[in-house]
Amino acid sequence: MMLCPCCSGKRLNQCCGPLLAGQHYARTVKQLMRSRYSAFALGNHGDYLLETWHPSTRPDVSAEELGQLDTQWIGLDVVDSSQQGDKGTVTFCAQWQDEEGQRQTHREHSRFERITGRWYYVDGDIG
Ligand SMILES: [Zn+2]
């Protein structure tokens with residue numbers, strides 16, 4: 001059984017898998033953030049990344065391009081999250097490995113918004 005790449009310690013099919021497969025929507029911003037990380041880490045989930053991106057900030061790229069595995073993601077730490085009404089934030093550190101095999105950290109404070117019951121990633125401050 002494959003463990004979920006979001007580092008929850010759960011199996012993929014009991015964690016982000018059902019979200020990626022479109023079986024249900026993320027209930028919390030944390031869940032959405034973790035599933036988007038898993039989509040990036042697994043690759044081939046460009047459709048999911050686009051459909052969970054806020055329409056006002058959604059990048060003009062194809063699902064194929066977004067689904068490419070150009071970064072090797074190796075770990076996730078959700079540092080903090082908050083939700084107030086239809087707005088939410090998540091601060092996280094994601095680890096990736098560069099070409100020399102060095103561990104690098106991407107730290108981001110992301111913003112989310114809920115529209116008609118579904119959470120979307122809006123944007124984030126990096127660093
Ligand atoms: Zn997960």
Side-chain angles (χ1 to χ4, degrees):
M1 276 297 164
M2 186 181 175
L3 281 178
C4 194
C6 82
C7 299
S8 60
K10 296 184 215 161
R11 293 175 186 165
L12 178 59
N13 64 4
Q14 291 173 341
C15 188
C16 299
L19 297 174
L20 298 178
Q23 289 167 12
H24 64 82
Y25 293 162
R27 289 178 197 94
T28 65
V29 286
K30 214 156 125 178
Q31 237 180 21
L32 180 64
M33 196 273 128
R34 302 190 83 93
S35 68
R36 285 177 52 89
Y37 170 85
S38 291
F40 277 114
L42 291 166
N44 243 329
H45 285 287
D47 286 329
Y48 183 74
L49 291 167
L50 285 175
E51 78 187 37
T52 54
W53 218 306
H54 196 279
S56 68
T57 54
R58 192 177 290 153
D60 189 17
V61 294
S62 68
E64 288 72 31
E65 284 172 272
L66 255 186
Q68 275 165 21
L69 275 173
D70 47 4
T71 302
Q72 201 190 343
W73 295 102
I74 52 173
L76 175 70
D77 242 328
V78 175
V79 178
D80 195 25
S81 75
S82 72
Q83 265 180 237
Q84 265 193 326
D86 289 330
K87 306 261 184 197
T89 63
V90 177
T91 304
F92 66 93
C93 291
Q95 274 84 43
W96 55 282
Q97 202 168 355
D98 67 18
E99 295 86 42
E100 281 92 52
Q102 297 297 307
R103 205 180 171 86
Q104 307 286 344
T105 298
H106 170 97
R107 189 184 159 92
E108 183 176 325
H109 179 75
S110 302
R111 282 175 285 274
F112 298 84
E113 194 181 325
R114 188 162 49 190
I115 308 170
T116 55
R118 187 168 189 184
W119 285 106
Y120 294 88
Y121 170 76
V122 181
D123 59 9
D125 300 321
I126 293 162

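- Distance CZ/Phe92 to CG/Asp77: 11.0 Å, rounded to 0.5 Å.
- Closest heavy-atom contact between Gly85 and Trp119: O-CH2, 3.8 Å.
- Under the rule for a side-chain hydrogen bond (donor to acceptor under 3.5 Å, both in side chains), the partners of Asp86 that lie at least two apart in sequence or sit in another chain are Arg114.
- Within the model, atoms SG of Cys4 and CG of Leu42 stand 7.0 Å from one another, a figure rounded to the nearest 0.5 Å.
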Which pairs of donor and acceptor atoms, one on a side chain in residues 59-72, lie under 3.5 Å apart (sequence neighbours left out)?
{"unit_1": "Ser62", "atom_1": "OG", "unit_2": "Glu65", "atom_2": "N", "d": "3.1"}
{"unit_1": "Ser62", "atom_1": "OG", "unit_2": "Glu65", "atom_2": "OE1", "d": "3.1"}
{"unit_1": "Glu65", "atom_1": "OE1", "unit_2": "Ser62", "atom_2": "N", "d": "3.2"}

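- In terms of the side-chain hydrogen bond (donor to acceptor under 3.5 Å, both in side chains) criterion, Ser81 has no residue partners (sequence neighbours excluded).
- With rounding to the nearest 0.5 angstrom, the NE2 atom of His109 is 4.5 Å from the OG1 atom of Thr89.
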Can I get a per-line list of side-chain donor-acceptor pairs under 3.5 Å for residues 10-33, giving both atom names and the distance, sequence neighbours left out?
{"unit_1": "Thr28", "atom_1": "OG1", "unit_2": "Gln31", "atom_2": "N", "d": "3.0"}
{"unit_1": "Gln31", "atom_1": "OE1", "unit_2": "Arg27", "atom_2": "N", "d": "2.6"}

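- Asp123 pairs by the side-chain contact (heavy atoms from CB on, under 4.5 Å) definition with Arg111, not counting sequence neighbours.
- Applying the under-4.5 Å side-chain rule to Ile, Leu, Val, Met, Phe, Trp and Tyr, the cluster around Ile115 extends to Tyr120.
- Counting only residues at least two apart or on different chains, the ring pair (Phe, Tyr, Trp, His ring centres under 6.0 Å) pairs with a member in residues 39-62 are Trp53-Tyr121.
- Linking ILVMFWY side-chain heavy atoms closer than 4.5 Å, directly or via other members, places Leu49 and Val122 in two distinct hydrophobic clusters.
- For Glu51, the side-chain hydrogen bond (donor to acceptor under 3.5 Å, both in side chains) partners two or more places apart in sequence, or in a different chain, are Arg118.
- Both Met2 and Tyr37 sit in one connected hydrophobic cluster of ILVMFWY residues. Membership requires side-chain heavy atoms under 4.5 Å apart, directly or through other members.
- Applying the side-chain hydrogen bond (donor to acceptor under 3.5 Å, both in side chains) criterion to Arg36, with sequence neighbours excluded, gives Thr52.
- Not counting sequence neighbours, Glu99 has no partner by the side-chain contact (heavy atoms from CB on, under 4.5 Å) test.
- Within a 6.0 Å sphere centred on CG of Asp125, other residues, nucleotides and ligands contribute more than 12 heavy atoms.
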